[in-house]
Protein chains: 2
Amino acid sequence: MVTQKDVAKLAGVSISTVSRVLNGSSLVDGETKKNVESAIKKLNYKPNLVAYGLRAKSSKLIGLILPELVHQAYSMIAQYVETRASDKGYSMILGVHRNDPECEKWLIDDFQRRNVDGIILQPVHDEPHTSANLKEYTRVPMVLYGQSFSSDQMGTVQLDNYKAGIMAAEHFVKLGHRHIACTAGPINMEYLRERLNGFRDGLTKHNIVISQQDICACELNYQVPGVVSGQRAVMQFLDGRDRKDYPTAIWAHNDLVAVGIIKELHQRKIRVPEDVSVIGMDNMVLTDMIYPPLTTIGQPLEQMATMSVDILLKEIELKEQYVPENIRMEPQLIIRQSTGKYSENVI
Amino acid sequence: MVTQKDVAKLAGVSISTVSRVLNGSSLVDGETKKNVESAIKKLNYKPNLVAYGLRAKSSKLIGLILPELVHQAYSMIAQYVETRASDKGYSMILGVHRNDPECEKWLIDDFQRRNVDGIILQPVHDEPHTSANLKEYTRVPMVLYGQSFSSDQMGTVQLDNYKAGIMAAEHFVKLGHRHIACTAGPINMEYLRERLNGFRDGLTKHNIVISQQDICACELNYQVPGVVSGQRAVMQFLDGRDRKDYPTAIWAHNDLVAVGIIKELHQRKIRVPEDVSVIGMDNMVLTDMIYPPLTTIGQPLEQMATMSVDILLKEIELKEQYVPENIRMEPQLIIRQSTGKYSENVI
DNA sequence: GTGAAAGCGCTAACAG
DNA sequence: CTGTTAGCGCTTTCAC
């Protein structure tokens, strides 16, 4: 490894001078500056970031902690965050907590011990730990991503999940549907509750009530794939009912579940969208590949990721002065072919 | 930040003693040890890894560099590497080079300046840079992932792509197909050439030759989605031919392309697998969600990722003594419903 | 303008 | 067994 020392020796100056030209410090003689620079080039010297960080109390490193990477929504975030961070001169250290609070804590800890300048965290969602809770063992700037709570202690970036529910509801209503069902996912997740609330409220506004039996609180653990949850949901909605009592529209709380729903409906010779309309959630690339292409609600992932980085950097820069922002991004309805007009005589 | 100094003061010992109990150094008096430990607990002291790394010349950090994260094969790798590294006491810094050689170089550099203990790299594939080439600006242990070249300078882990080609060919032959086509992807990528060679050889063994017109060298840039490439391939194979001259079996060089092929075939009222059999490549989760579920060839991603980490750690440990291993993993044929027996009278 | 010296938090050699 | 000292590579006073 070539160090400042080597450069200094070659240039015939002191170490601190080298440091000065490196940091573009004022007042270095033009001649010495040139000397040093040519020595740097000749030796191909690159400042060591660890030593820099130890001294300067800034590592130019941010940490990203995600539940996992398999779902596309997560891996996209990871990529977008890396890209943005990189653009801003930061590197990214990545951790995956697999929804295990212990692991999450461990990662936060590890990152701090590595002197990260800040952390972007999508918290485990089983435990509804508050931001205050988190703040307890976090002493670096932090941005909370994708969870449905606001905080006056740190920045947060999330989707407007309530709005997503409204959008799904309105789309169904506009198409003339009256008997509408949905999957809710695990109700202990705040953001899923919000979506459900939005959905419900959106329907209520048009005097449609959604019965308890038409809400499938499918579990979401990593053992049960989303597709299977979708198939199960269809069982709940259809089994033991007369055909005329089938819902004609179903909103799934994510695209994988929607795919499962469509799959199961097909198997039962129920057509999508002629007999039943389906809306998904997330706008994964696969939604455009299945038959029929899925109407779904997209999250502006790139913006959200970019925003998270920007907020974090602001937080890093402003320190105590930073006034926490709680950003909620607009979801977007993407209409494809899994939704259609309600027609009475079909079912 | 609480440091060793604080612990030392509270425990009434010297800094080095604290360091000793931390590192489980031999010969520390039982009593002092207990003192120090309780002080550590009381202050909730956590050793700073940056300072440790600067001194000990080991950061317990590895770097992972991937082309991108959007394709599932990549994000899975990232997750598996993180998990394995974490299990082994390492953290992971992640970079994405988007197939830009400049960016790749920059990342390697940045990681080294951060004193990573080693790097796992999936190189950009446009430029056929050799491992020697890479070695030039890399002075930490490195494992090459997923590229089809061996190296006597560093470890490599890759799929046996030739074998994958053989497998696809044999499956088609076994089903009775004679007129067989495939997509080859960009031919400047060695691993894709290998797949094609395997495919060709597998067919040749059964006296089947694949004509140039039945090989679609679709481009793979990030502008053209795989699905579109697949649709284009179908055009090449079918347009301007008599129906009886259609190939009855197509191997796609990845699942997305396969999906595009199936989509286009459906649009032309050609049935899969009754009229045309399709095999994909990669075994992405979506393969089980489309209709018909896709027969494909899977890579043992978890094993490959785990192996990469293990090799890298071995390389880190053994240093100069490490004898580079070039691992080739077996692909696996996953038979679903997009392939069927050839029957003459169908088309 | 530039060098010498101190120190970031930690480990390791050397004395005692 | 334990404290003192030096030093990892860098920045930053403080003198000159």
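Here is how names work: the chains are called A, B, and so on, in the same order as the sequence lines, proteins then strands, and each is numbered from 1. FYI, side chains are in, hydrogens and waters are out, and symmetry mates aren't considered; it's all heavy atoms of this structure.
With hydrogens and angles disregarded, no donor-acceptor distance shorter than 3.5 Å links the side chain of B:Glu104 to the backbone of B:His97. With A:Asn99 contributing its side chain and A:Val124 its backbone, the two residues share no donor-acceptor pair below 3.5 Å. Counting only distance, with no hydrogens or angles, the side chain of A:Asn115 and the backbone of A:Lys57 share no donor-acceptor pair below 3.5 Å.
Taking atom NZ on B:Lys60 and atom P on C:dG9, their separation rounds to 23 Å, with Å as the unit. Going from atom CE of A:Met1 over to atom C1' of D:dC10 covers 11 Å, rounded to whole Å. Distance, A:Lys34 NZ to C:dT2 P: 13 Å, rounded to whole Å. Straight-line distance from the CG atom of B:Asn23 to the C1' atom of C:dG9: 13 Å, rounded to whole Å. D:dG3 atom C1' lies 16 Å from atom NZ of B:Lys5, rounded to whole Å. Between the P atom of D:dC8 and the CG atom of B:Asn115 lies a distance of 13 Å, rounded to the nearest Å. Put simply, CD1 on B:Ile15 is 17 Å from P on D:dG7, counting in whole angstrom units. Per the geometry, CD belonging to B:Gln4 stands 17 Å off P belonging to C:dG7, to the nearest Å.
Heavy-atom minimum distance, B:Asp117 versus B:Ser59: OD1-N, 3.0 Å. Considering every non-hydrogen atom in both B:Phe111 and B:Leu94, the closest pair reads CZ-C, 3.9 Å.
In this structure, B:Ser19 reaches the C:dT11 phosphate: one of its side-chain N or O atoms is under 4.0 Å from OP1 or OP2. One finds a side-chain N or O of A:Lys57 lying less than 4.0 angstrom from the OP1 or OP2 phosphate oxygen of C:dG9. Note on B:Thr3: every side-chain N or O is 4.0 Å or more away from OP1 and OP2 of C:dG9.
Less than 4.0 Å separates DNA chain C from at least one heavy atom of each of the following residues of residues 41-53 of chain B: B:Tyr45, B:Pro47, B:Asn48, B:Ala51, B:Tyr52.
One distance of note links CG of B:Asp29 with NZ of B:Lys34; it measures 9.5 Å at 0.5 Å rounding. To the nearest 0.5 angstrom, B:Tyr74 atom OH is 4.5 Å from B:Gln122 atom CD. Rounded to the nearest 0.5 Å, atoms CG (B:Leu61) and CG (A:Leu61) are 7.5 Å apart.
Candidate nucleotides D:dC10, C:dG9, C:dT2 were compared by shortest atom distance to the side chain of A:Thr17, and C:dT2 ranks first. Comparing atom distances between the A:Ser16 side chain and each of C:dA4, C:dT11, C:dT2 picks out C:dA4 as nearest. Closest contact between the side chain of B:Asp29 and the listed nucleotides D:dT12, C:dT2, D:dT2 involves D:dT2. Of the candidate nucleotides C:dC8, D:dC10, C:dC10, C:dC8 has the atom lying nearest to any side-chain atom of A:Leu54. In the set C:dT11, D:dC1, D:dT11, the nucleotide with an atom closest to the side chain of B:Thr32 is D:dC1.
When only modelled atom types and interatomic distance are considered, A:Ser14 and A:Thr17 share a side-chain donor-acceptor pair under 3.5 Å.
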Using the 3.5 Å cut-off, write out each protein N or O paired with an N or O of nucleotides 14-16 of chain D and the distance between them.
none

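A salt bridge links B:Asp110 to B:Arg114: one of the charged nitrogens lies within less than 4.0 Å of a carboxylate oxygen.
Counting distance only, with no hydrogens placed and no angle test, the side-chain atoms of A:Arg55 and the base atoms of D:dG9 include no donor-acceptor pair under 3.5 Å.
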